[in-house]
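These numbers were taken from a predicted model, which means no experiment stands behind them. Quick note on labels: first sequence line is chain A, next is B, and so on, each numbered from 1. Only heavy atoms go into these numbers, but all of them, side chains included; no hydrogens, no water, no symmetry mates.
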Amino acid sequence: MRRVLLIDLARTSASVAADSARLAKIGHIAELLSRVRPEEAEIAIAYLSGELPQRQIGVGWRTLQDLPEPRQIASASLTRIDDLLSRIKAQSGPGSQAARKELVGELFRSVTRQEQSFLLRLLAGELRQGALNGVMVEAVAKASGTPAAEVRRALTLRGWLPAVGAAALTGGVEALRAFHLEVGRPVSPMLAQSAPNIPAALEKLGGLAALEWKLDGIRVQAHRSGSDVKVFTRTLDEITAQVPELMEAVLALPVDDIVLDGEVIALRPDGRPEPFQVTASRVTSKIDTARLRETTPLSVFFFDALRVGGVDLLDLPDSERHAALARSVPAELITPRLVTSDPDEGMAFFAEVVRRGHEGVVAKSPNTPYAAGRRGAGWVKVKPRHTLDLVVLAAEWGHGRRQGKLSNLHLGARDPQSGDFVMLGKTFKGLTDELLAWQTERFLALADGPSDEWVVRVRPEMVVEVAFDGVQRSPRYPGGMALRFARVLRYRPDKRPEDADTVDSVRELLF
DNA sequence: TTCCGACAGTGGGGTCGCAAT
DNA sequence: ATTGCGACCCCACTATCGGAA
């Protein structure tokens with residue numbers, strides 16, 4: 001059988017994009033995977049799910065501009081492309097950006113137009129074929145003749161689908177079952193769905209739930225084997241060196257073979273949380289950590305135990321994992337928690353958490369095992385929600401399925417002194433297709449002032465009700481503040497711009 | 001037949017490190 | 001010294017498909 005080349009992936013990707021049915025997408029990918037050589041399976045799975053074996057190679061939209069003309073004959077092998085991407089990633093030091101650009105040029109010169117299109121979307125991180133990890137799990141299962149649940153389980157434990165998929169294709173279900181939690185290698189973290197309030201969250205979980213403080217910090221997964229500690233983020237990147245406080249806390253535990261899940265956060269001396277920006281800055285700074293921990297110390301709160309004393313706990317229910325956590329970690333390092341089925345008790349807990357300045361509450365089903373991905377809504381987060389009536393100052397043309405529609409709105413609050421509007425951020429969220437069509441027409445009619453290729457400025461007449469999580473300090477916007485996670489609730493045709501909320505009322509929410 | 005869980009897509013603000021200017 | 005880019009922290013919401021009910 002002919003060797004699978006890059007052009008075959010590009011064609012498969014085009015077929016996947018052309019069919020909207022998920023089963024058809026899975027069929028196209030599985031067909032290709034069944035033909036790929038074992039030594040190139042990992043590359044094929046990575047590319048077709050929008051990832052690179054190198055993860056990141058330091059190439060973004062800017063480096064991908066002004067690409068050379070394609071060649072006519074497709075011949076590029078997956079191994080050759082993979083080698084080139086590794087060389088691109090390896091560039092560093094002075095001259096590296098020019099060298100990367102040169103190698104990217106070499107890469108694109110060596111492939112056809114269809115391959116260029118595929119590589120461009122792949123490297124830009126926008127495959128837009130309607131298939132990523134979720135579809136690829138099913139495709140791997142189909143091509144390897146293994147149950148999707150086994151693929152999913154191995155993915156949770158290994159955290160990297162191309163490796164799991166390659167193992168399934170060569171070794172079948174036995175190879176999948178050989179994946180275990182490995183201390184020092186991060187597992188895919190369990191994520192939460194959301195609910196508007198505590199009663200809704202309790203109902204989603206079937207009545208009884210463990211409620212925990214939701215801290216606005218950085219998710220951490222801590223692994224300890226003997227005196228060796230490693231700490232990983234939600235995307236499985238290692239940050240051990242940036243969080244010495246966490247390392248020391250884990251080393252002080254009485255158990256030396258342990259994997260914990262939790263959150264690091266910078267707290268003020270009075271125990272209230274610093275703004276998220278402070279925690280994020282502290283955790284990402286790699287220079288002078290010793291001095292930073294004096295000025296901005298980190299606290300850690302664990303909420304789950306994946307392994308204690310050499311025993312894996314992932315498949316146990318939450319209540320048992322938490323009991324194991326409580327036995328091996330001192331109480332002051334455990335996220336405060338209340339088990340209840342009483343909505344009133346739950347709402348009082350929520351109110352108290354918010355009063356203390358924290359982000360909200362995560363409700364957890366006591367029966368749920370630790371699982372990333374599709375195994376139901378075991379965790380549900382609840383956060384308070386603010387709303388404002390703001391004025392649309394401009395709108396940006398959308399991309400992809402929003403092409404040709406005005407999508408992203410510039411939002412302004414009224415300045416009572418000047419009578420002008422002060423921009424507080426943008427949002428594209430909460431808009432239905434119907435609303436997108438309507439606002440495109442409406443804003444083109446309101447167009448006014450200097451518009452460019454992307455931004456259409458409009459007369460400040462439309463009032464829109466916006467929900468958001470909070471107000472943060474901004475170095476970018478003129479008022480010095482910006483909305484966090486803004487989304488549209490509805491337009492307010494009954495309101496005039498003079499009725500919109502003022503910058504002063506927004507400033508009151510900034511602390 | 002209808003309902004609902006899971007996915008993919010569409011982008012948001014902020015900060016860092018690094019290389020180029 | 002400043003600016004631009006890439007990467008990665010945090011993330012909400014809608015449309016769609018297809019299995020569950």
Quick one: label Val135(A) by what it contacts on the DNA or RNA (base, sugar-phosphate, nothing), any heavy atom closer than 4.0 Å. sugar-phosphate

For Thr279(A), which contact category applies under a 4.0 Å heavy-atom criterion: base, sugar-phosphate, or nothing? nothing

Residues in salt bridge (Lys or Arg N to Asp or Glu O under 4.0 Å) with Glu238(A), at least two apart? none

Take Thr279(A) and Glu274(A) through the test side chain to side chain donor-acceptor pair (under 3.5 Å) and record every step on the way to the result. CA-CA 7 Å; Thr279(A) 295; Glu274(A) 293 278 11; over 6 Å; no

Range on DNA chain C touched by chain A, heavy atoms, distance below 4.0 Å: dC5(C) to dG19(C)

Output the rounded distance in Å from CG (Leu406(A)) to C1' (dT10(B)). 15 Å

Sorted by chain and number, sequence neighbours left out, salt bridge (Lys or Arg N to Asp or Glu O under 4.0 Å) with Arg487(A) holds for Asp469(A)

Testing the 3.5 Å rule here: is there a donor-acceptor pair between the side chains of Glu263(A) and Trp213(A)? no

Please classify the nucleic acid contact of Ala467(A) as base, sugar-phosphate, or nothing, using heavy-atom distances under 4.0 Å. nothing

For Asp216(A), which contact category applies under a 4.0 Å heavy-atom criterion: base, sugar-phosphate, or nothing? nothing

Closest contact, heavy atoms only, Leu393(A) versus Pro460(A): CD2-CB, 4.2 Å

Between Val488(A) and Leu23(A), which residue's closest nucleotide on DNA chain C lies nearer the 5′ terminus? Val488(A)

Lys381(A): salt bridge (Lys or Arg N to Asp or Glu O under 4.0 Å) partners, not counting sequence neighbours: none

Any side-chain N or O of Asn408(A) below 4.0 angstrom from OP1/OP2 of dG12(B)? yes

Letter by letter from the 5' end, nucleotides 14-21 of chain B scores (B base, S sugar-phosphate only, - none; protein heavy atoms under 4.0 Å) SSSS-SS-

For residues 126-135 of chain A, which residue pairs qualify under side chain to side chain donor-acceptor pair (under 3.5 Å), counting only residues two or more places apart or in two chains? Ser13(A)-Gln129(A)

Sequence neighbours excluded, the answer for ring pair (Phe, Tyr, Trp, His ring centres under 6.0 Å) partners of Phe421(A) is none

For Val354(A), check side chain to side chain contact (heavy atoms under 4.5 Å, CB included) against everything at least two apart and list the hits. Phe350(A), Pro384(A)

Output the single nucleotide from dA8(B), dG9(B), dG12(B) whose closest atom is nearest the side chain of Glu396(A). dG12(B)

Short of 4.0 Å, heavy atom to strand atom, which residues of residues 50-66 of chain A count as contacting DNA chain C? Gln56(A), Ile57(A), Gly58(A), Val59(A), Gly60(A), Trp61(A), Arg62(A), Thr63(A)

Between Lys426(A) (NZ) and dG11(B) (P), how many Å, whole number? 11 Å

Run the side chain to side chain donor-acceptor pair (under 3.5 Å) check on Tyr370(A) and Asp261(A) step by step: do they pass? CA-CA 11 Å; Tyr370(A) 193 94; Asp261(A) 195 358; 2.7 Å; yes

Identify, between Leu483(A) and Arg22(A), the residue whose nearest nucleotide on DNA chain B lies closer to the 5' end. Arg22(A)

Expressed in angstrom and rounded to an integer, what is the separation of Leu436(A) atom CG from dG11(B) atom C1'? 12 Å

Side chains of Glu212(A) and Thr335(A): do they bring a donor and an acceptor to under 3.5 Å? no

Rounding to a whole Å, what distance do you find between Leu509(A):CG and dG13(B):P? 18 Å

Within the structure shown, what part of the strands sits under 4.0 Å from Lys405(A) by heavy-atom distance: base, sugar-phosphate, or nothing? nothing

Pick the closest DNA chain C nucleotide for Arg401(A) and for Arg219(A) by heavy atoms, then say which residue is nearer the 5' end. Arg219(A)

Minimum-distance pair of heavy atoms, taken over all atoms of Arg100(A) and Ile88(A): NE-O, 3.0 Å

Tell me every residue that passes salt bridge (Lys or Arg N to Asp or Glu O under 4.0 Å) with Arg234(A), counting only those two or more places apart in sequence or in another chain. none

Would you please name every residue forming a ring pair (Phe, Tyr, Trp, His ring centres under 6.0 Å) with Trp438(A), sequence neighbours left out? Tyr491(A)

Walk me through whether Ser407(A) and Arg402(A) qualify under side chain to side chain donor-acceptor pair (under 3.5 Å). CA-CA 7 Å; Ser407(A) 171; Arg402(A) 291 192 176 188; 2.9 Å; yes

Roughly how many Å is it from CZ in Arg152(A) to P in dG5(B), rounded to a whole number? 16 Å

Are His399(A) and dG11(B) close enough that a side-chain N or O sits under 4.0 Å from OP1 or OP2? yes

Are OP1 or OP2 of dT10(B) and a side-chain N or O of Arg128(A) less than 4.0 angstrom apart? yes

Strand contacts (DNA chain C) in residues 380-393 of chain A, 4.0 angstrom heavy-atom criterion: Lys381(A), Lys383(A)

